[in-house]
Number of protein chains: 2
Amino acid sequence: MSGPARRNGGAGGAATAVERITLKHGAGGGAMRQLVEETLAAGFLDERDGEVGLAAMDDGAAFRLPDGRWLVLTTDSHVIHPVRFPGGDIGRLAVAGTVNDLAMMGAAEPLGLTSSVIAEEGLAREELERIQASMRETCREAGTRIVTGDTKVMGRGEIDGVVINTTGVGFAEPLVRDAGLRPGDRIILTGDIGDHGIALMALRHELDLRGDLVSDVAPINGLVARALAAAGGGITALKDPTRGGVASALHEMAEKAGVSVVIEERAVPVSDVVRSAAEMLGLDPFHIANEGKAVVGVRPESAEAVLEAIREHPAGGRAAIVGEVAAEHPGRVVLDTGIGRRLVTEPQGEPLPRIC
Amino acid sequence: MSGPARRNGGAGGAATAVERITLKHGAGGGAMRQLVEETLAAGFLDERDGEVGLAAMDDGAAFRLPDGRWLVLTTDSHVIHPVRFPGGDIGRLAVAGTVNDLAMMGAAEPLGLTSSVIAEEGLAREELERIQASMRETCREAGTRIVTGDTKVMGRGEIDGVVINTTGVGFAEPLVRDAGLRPGDRIILTGDIGDHGIALMALRHELDLRGDLVSDVAPINGLVARALAAAGGGITALKDPTRGGVASALHEMAEKAGVSVVIEERAVPVSDVVRSAAEMLGLDPFHIANEGKAVVGVRPESAEAVLEAIREHPAGGRAAIVGEVAAEHPGRVVLDTGIGRRLVTEPQGEPLPRIC
């Protein structure tokens, strides 16, 4: 075990203490990234020609094919609690999450998805049927299918309800990376931020909030396809701001590309209900998970055309150009508030466990 | 909900009773197949040109590529308990299971695997590191890599220890199906049967058995590659006899192909320790899970060459031609005991939960 791993472990100071996995290791932020790099990806972190693998820490992997296209592969296990929430359920989340991860690498027409279900003994079969109907409907919406799967049952108390892994494959041409930002690029957000995380938090904490708090969970591959077509090669980077929110996504994009990003606060789309709920909870909407949004990096000359194409899509009506990429201060994400500038902090992770 | 679903449900007779998922729905046999067909695969059971999808209920899915090759995709979630057992651990099982499922469709050189880990809060980090080292070592053995992944943490008591989903992709040329048996084909078993299931059972029931009871868990893509090369197109079907054992695999193969299979009991390789342990437990080795074996269907003229090639592989020393395919009585699996013939029953599933 390496020094840094022990230093940052969750189980206190003594050198002999057993280091244990904590909820923050699954929260999508710095703690998780460190665990992955030091443990789960160890031995697979070399870069290979014609392969985007674990070293890239992108939304998925990619393999260059002889015909020039890239085969994209992405996986996620979904542990959301509760399985049904305003705006969706675990089935919709699983399909949309995987479809969107493929799209973030430029594979906007998925070839197919796998679905691996682990159910707790005693789960009502009707619940499984509802979840399956939701997966079917979301696949239809995304223009894809479940092509293979796996079914496991664990005993009562061995797993809480149901967990679903979805893995997807698709072809990208060109491949889009989360590391491709260049100075001068514009940053587009495809819609209101924070909806999924705040909707889940309100449900879990039984908050009585005015207005409709609904998750944004949706497959947005159609929106991404339009953006790619309108960009004529001008899209430089894509990332979906899930766990850790837009702040985490922007930090990762800026660090990987060795650039900074300046966001104009007043341009960022946030609904009133999310804004007030976040204030009430003492949270920053930039740190909250989304499940149907993308952060898009685009060359300045293509920015207006891409924005227009996104806005024409039903899921993109609230899209906006929210910032710009600069060469200085690599890795920084800066918020221009209109009366000054401050750094956007990188969250350690999502504040709520089992958000996705 | 359909009539048959309710009729065969686990929760008793009343029409109004809530049907619940039971352990047998995850046991790999008839109950699971019915749940999958009626619920989890519903809406995706149409056959498409150039696609092997859920309708095939094969070891994975496949897509025909423009260059004539097939892209194979297969997924499994691993819930084995305990995570370490004689001969392996959950990491080795996950990698070998996915590599072998790819190989069973003719993709003996995996392009890469995904690894999606769900850990329980409080799991020792060292345990995760041991599992990861085992995945790395098994990948090396199989000539493949983990190329992308996902990490989730569930709270204490929300999941028992650690669960790992692995999904794999590879190219097959030609594609091999589990449905391809033809009358006259020979059936080869690549080695001793029942080792994995009996080793787990002995461990879980704390049986004191003489001899070494060790799981056979191993990637056998190298063995399959040799067999395919030696067969010159003569391999008609492949299946790995995991949950439900060789009996389940043979039943599925016979039913799908509309043929019968006659197995010569004395030719079936079973180790002495597994034979006596199975007797003690009142179990049939044909019903017990394997994790490093294949059932191979091969044209009669290629059978000896394929057997020889398999035996030259370190994992294939005990391989044997154990039976023959016939046209009459489609779906039947018959055991020739030397003094008579009896039907091999299809198990409802694996007798032990969380075997893989």
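The sequence lines fix the lettering, A, B, ..., with proteins before strands; numbering per chain opens at 1.
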Quick one: which of [options] has the most heavy-atom pairs under 4.5 Å with chain B, could you say?
{"options": "A:G161, A:G53, A:A133, A:S77", "answer": "A:S77"}
{"options": "A:G26, A:G122, A:A62", "answer": "A:G122"}
{"options": "A:S116, A:A119, A:C139", "answer": "A:S116"}
{"options": "A:G149, A:S115, A:G112, A:P353", "answer": "A:G149"}
{"options": "A:V147, A:I159, A:I131, A:V169", "answer": "A:V147"}
{"options": "A:D59, A:L128, A:V163", "answer": "A:L128"}

Side chain proximity check, [X] to [Y], heavy atoms < 4.5 angstrom:
{"X": "A:R48", "Y": "B:R145", "value": "yes"}
{"X": "A:T167", "Y": "B:N165", "value": "yes"}
{"X": "A:E158", "Y": "B:R354", "value": "yes"}

Side chain, backbone, both or neither of [X] within contact of chain A (heavy atoms, under 4.5 Å):
{"X": "B:R69", "value": "side chain"}
{"X": "B:M32", "value": "side chain"}
{"X": "B:L54", "value": "both"}
{"X": "B:A124", "value": "both"}
{"X": "B:R140", "value": "neither"}
{"X": "B:E127", "value": "neither"}
{"X": "B:F44", "value": "both"}
{"X": "B:D46", "value": "both"}

| task | Taking all heavy atoms of B:T39 and all of A:R136, pick out the closest pair and write down the distance. | result |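 Taking B:T39 first and A:R136 second, the nearest heavy atoms are O-NH1, 4.2 Å.
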| So, for A:C356 and B:K152, which heavy atoms are closest and what is the spacing to 0.1 Å? |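 Closest heavy-atom pair between A:C356 and B:K152: SG-CE, 3.9 Å.
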Any chance you could measure [X], atom [atom1], to [Y], atom [atom2], to the nearest 0.5 Å?
{"X": "B:T75", "Y": "A:D150", "atom1": "OG1", "atom2": "CG", "result": "6.5 Å"}
{"X": "A:F171", "Y": "B:L71", "atom1": "CZ", "atom2": "CG", "result": "6.0 Å"}
{"X": "A:L123", "Y": "B:T22", "atom1": "CG", "atom2": "OG1", "result": "11.5 Å"}
{"X": "A:E38", "Y": "B:R125", "atom1": "CD", "atom2": "CZ", "result": "5.0 Å"}
{"X": "A:E121", "Y": "B:I21", "atom1": "CD", "atom2": "CD1", "result": "10.5 Å"}
{"X": "B:D67", "Y": "A:L65", "atom1": "CG", "atom2": "CG", "result": "8.5 Å"}

Output the option from [options] having the highest count of non-hydrogen pairs under 4.5 Å with chain A.
{"options": "B:D160, B:V79, B:I146, B:V117", "answer": "B:I146"}
{"options": "B:L73, B:V52, B:L111, B:I118", "answer": "B:L111"}
{"options": "B:G60, B:A27, B:A55, B:G155", "answer": "B:G60"}

| said: For B:L40, is there any backbone N or O sitting under 3.5 Å from a side-chain donor or acceptor partner on A:Q132? | reply: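 Side chain of A:Q132 to backbone of B:L40: a pair is present.
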| Other residues, nucleotides, ligands: >12 heavy atoms within 6.0 Å of A:E109 CD |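 No - once you tally the heavy atoms of other residues, nucleotides and ligands closer than 6.0 Å, there are 12 at most.
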